[in-house]
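The structure appears right after this line, and notes come after that.
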Amino acid sequence: MISAEKIPNNVNLSSNKRLQRALEHWQPKYIQWWRDMGPQGFQDYHQVYVRTAISVDPEGWAHFEYVKLPEYRWGIFLADPTPDRRIGFGDFFGQPVWQEVPGEFRNQLRRLIVTQGDTEPASVEQQRWLGQRCPSLYDLRNLFQVNVEEGRHLWAMVYLLHSYFGRDGRDEAEELLERQSGNRDKPRILEAFNEPIDNWLDFFMFTMFTDRDGKSQLMSLSESSLDPLSRTTRFMLTEEAHHMFVGETGIARILERTCELMKEAGFSEDVRKVGGIDIPTIQKHLNQWFSLSLDLHGSEVSSNAASYFANGLKGRAKEDTFDEHVVRNAYYNMEFFEDGKPVTKEILMRNAMNEVLRDWYVGDCAAGVVRWNKVLERHGISDRLRLPDRKFNRHIGMYSGFHFDPNGVPLSKDEFDRRKFEWLPSPADSEYLLSIMAQPIYEPGKFANYIAPPRRGINQLPINFEYVRTEQ
Ligand SMILES: [Fe+2]
Ligand SMILES: [Fe+2]
């Protein structure tokens, strides 16, 4: 039975019998999916100290408790409505926002919601083995916190599908549990969500760069004229911020430890000899996840993006900071690649909306890299991490047929293939990373050799708190 106790919500679930029945039908399938495809080996005998959202106000949001993962209370929360909210961009600028889905945009909206929804369970699937190689109980708990919240994001999208899209929505909600990350026959919709994440360097880079694509997408959806979509994505953004915190501080702590080990081993020595992760390996993983996440923003020139904008379905990140919101006659200077050379052309801004969002994303990533480099600077180490050129390693959009090095210098396919492991993780790199992560650390307060402890614990608890405990 569904109750506010079981499914915390602020959508008055108990008064909507039809929706309740739909969710009651879907919930057992979700739990089965979570058991099969969620964190492996941590379903039945472990309790995790997690944060559960029980309301959108600050107190409800800061509710911490020990739970068994399958018993996490996945809730449905929408940010509070903005009184008299108006459409903020596109052809319907200034009109009241929609509380129901307009028939003419039903397919487009469903597509947007399903595509967002598909990424949420996908990342849980990708990360399901990481618990067996965790660097500490603190990190293990953070992984599970991210996982349960991605599960909640799936609930958020399924709530919209069930509430506003009738039978189609119900079918889509089922399919969200049927596709599987990396599955040959039924893969997840977007490529980055089919890549395996089997070591913690990948995990931290994923939460830094791919969850930040989530932030891009959620920011643009939170501008949507469909008010329930706007409100649900606004609340999801508060959780997304924590995922990026996990990624950014995870890499910062690896860098911290790498610097210490470099000093201990002597700067001319290979830091791998003392069990650390060398800076070039960190850079390669950065290159990998940054370029995959650039792809997630879609083609540079896109009539779909133009139509989403015109129809008021998906805006720009921070739409209210732009001067003009209808954007009918504005142009964007875009770099094309023709006959081996970059050529700048003017294209209609509406057709460039994916690129506009990507610009915002690259800026947000760059700020994170500056913060990482402060760690290296503080230790007096001259190496620096950097974002590769946005043409590097692209599989979607106008650069996808070409090859570039991380500086954006064009290369032949042969040359790229010959040199790609200078810039992207090689099988030997992955093997090395797995070798130093082979023994999970489950002792409170202890950390794997390749990563420094965090500055502080969760919810003001000490770092050596037992964040995940085994049931007696
Ligand atoms: Fe998410
Ligand atoms: Fe996320």
Side-chain angles (χ1 to χ4, degrees), residues 30 33-34 37-39 48 50-53 56 61 69 72 74-79 112-128 130-131 139-161 172-173 176-177 179-181 188-195 197 200 202-222 224 228-251 289-290 292-294 296-297 314 317 357 361 364-365 368:
Y30 170 82
W33 164 81
W34 175 271
M37 297 304 290
V48 186
V50 285
R51 181 176 69 163
T52 306
V56 293
W61 184 212
L69 290 177
Y72 183 79
W74 282 282
I76 298 171
F77 293 102
L78 274 57
L112 284 170
I113 291 167
V114 166
T115 307
Q116 179 63 41
D118 193 66
T119 66
E120 315 290 358
S123 65
V124 176
E125 293 167 356
Q126 287 171 291
Q127 296 162 14
R128 70 187 186 278
L130 288 173
D139 291 288
L140 185 64
R141 176 264 167 212
N142 281 351
L143 166 71
F144 294 154
Q145 181 72 53
V146 170
N147 291 162
V148 292
E149 286 173 357
E150 300 303 8
R152 205 200 67 75
H153 291 177
L154 171 62
W155 274 83
M157 295 297 109
V158 163
Y159 160 74
L160 293 175
L161 289 169
E172 294 283 11
L176 284 168
L177 297 175
R179 285 184 291 270
Q180 274 179 14
S181 177
R188 291 294 174 184
I189 296 169
L190 301 169
E191 201 34 52
F193 293 90
N194 286 303
E195 296 289 319
I197 300 178
W200 280 75
D202 278 327
F203 171 65
F204 291 135
M205 288 297 181
F206 180 96
T207 40
M208 175 71 173
F209 292 109
T210 308
D211 280 278
R212 194 175 306 273
D213 159 70
K215 180 179 168 188
S216 287
Q217 305 303 334
L218 294 175
M219 283 179 84
S220 64
L221 292 174
S222 70
S224 183
L229 175 59
S230 162
R231 290 172 57 202
T232 199
T233 46
R234 253 188 289 149
F235 186 66
M236 288 160 77
L237 277 164
T238 59
E239 291 159 311
E240 214 55 63
H242 173 256
H243 306 176
M244 286 173 292
F245 163 85
V246 169
E248 183 172 329
T249 56
I251 297 295
W289 288 104
F290 177 69
L292 276 167
S293 305
L294 287 178
L296 290 172
H297 291 73
K314 189 179 172 191
L357 190 58
Y361 172 78
D364 210 43
C365 291

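Every number for a ligand or one of its atoms is a count from 1 in the order of the listing. Atoms considered below: every heavy atom in the structure, side chains included; atoms not considered: hydrogens, waters and symmetry mates. Residue numbers start at 1 and run along the sequence shown.
Residue contacts to the Fe ion (ligand 2): E240 brings an N, O or S atom closer than 2.8 Å. Contact annotation: H153 places no N, O or S atom under 2.8 Å from the Fe ion (ligand 2).
The N, O or S atom of H243 with the smallest distance to the Fe ion (ligand 2) is ND1. No other N/O/S atom of E120 lies as close to the Fe ion (ligand 1) as OE1 does. The atom name of the N/O/S atom in E150 closest to the Fe ion (ligand 1) is OE1. Minimum-distance N/O/S atom of D211 relative to the Fe ion (ligand 2): OD1.
Side-chain contact check for V146 versus F245: every heavy-atom pair is 4.5 Å or farther apart. L292 has its side chain out of reach of T210: every pair of non-hydrogen atoms, C-beta onward, lies at least 4.5 Å apart.
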Could you walk me through whether Q116 and H153 pass the side-chain hydrogen bond (donor to acceptor under 3.5 Å, both in side chains) test, one step at a time? CA-CA 9 Å; Q116 179 63 41; H153 291 177; 5.9 Å; no
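Checked by atom type, the side-chain pair W33/E125 shows a donor-acceptor distance below 3.5 Å.
In summary, of the residues considered (D139, N142, L143), a side-chain contact (heavy atoms from CB on, under 4.5 Å) with F203 occurs for L143 alone.
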